[in-house]
Amino acid sequence: MQELTTQIRDWWAVMLSLLGLAVWSVRLEARARTNTAALDRETARLAEEIRALEARWQRQRAEDLTARQRDREETNALLRELRADIKTVLQRVPR
């Protein structure tokens, strides 16, 4: 028994160091898992935000194309009207 207490006294610092290392390792692993989970949540949030932005971009693109087509048709109608007016004016001018 005396020998056991002597060995414990001699190795006390080593045992506490190993226990501290074990506790530190467990805490480190827990922190790593927490950080990984937070990173996964942030990645999912960003992916959803990107999908929403892409959908918004596609809707905006479709609206822009529609507006462009409408504006082009209005411009063409105006040009046709101007051509007709020019022809009318040219027909009235004596040659």
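This structure is a prediction, so every number in the text was calculated from the model and none was measured.
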[atom1]/[X] to [atom2]/[Y] distance, rounded to the nearest 0.5 angstrom?
X     : Y     : atom1 : atom2 : value
Leu28 : Arg33 : CG    : CZ    : 11.5 Å
Asn76 : Glu81 : CG    : CD    : 13.0 Å
Arg41 : Leu46 : CZ    : CG    : 13.0 Å
Arg70 : Thr75 : CZ    : OG1   : 11.0 Å
Glu29 : Thr36 : CD    : OG1   : 8.5 Å

Is [Y] reachable from [X] through a run of I, L, V, M, F, W or Y residues, each pair having side-chain heavy atoms under 4.5 Å apart?
X     : Y     : result
Leu21 : Val14 : no
Trp11 : Leu16 : yes
Val26 : Trp24 : no

Quiz item: Any idea which heavy atoms bring Arg80 and Glu73 closest together, and the distance?
Solution: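 Closest approach of Arg80 to Glu73, heavy atoms only: NH2-O, 4.5 Å.
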
Quiz item: What pairs of residues pass the side chain to side chain donor-acceptor pair (under 3.5 Å) test when at least one of them lies in residues 48-62, not counting sequence neighbours?
Solution: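 Only Arg45-Glu49, Glu48-Arg51, Gln60-Asp64 qualify under side chain to side chain donor-acceptor pair (under 3.5 Å).
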
Quiz item: Tell me, do Leu39 and Asn35 make a side-chain contact under 4.5 Å, heavy atoms counted?
Solution: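 A side-chain contact is absent here, since even the closest heavy-atom pair is not under 4.5 Å.
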
Quiz item: Hey, does Met15 have a side-chain heavy atom less than 4.5 Å from the side chain of Leu18?
Solution: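 Not in contact.
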
Quiz item: Counting heavy atoms not belonging to Glu3, are there more than 12 under 6.0 Å from its CD?
Solution: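 Result for CD/Glu3: open.
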
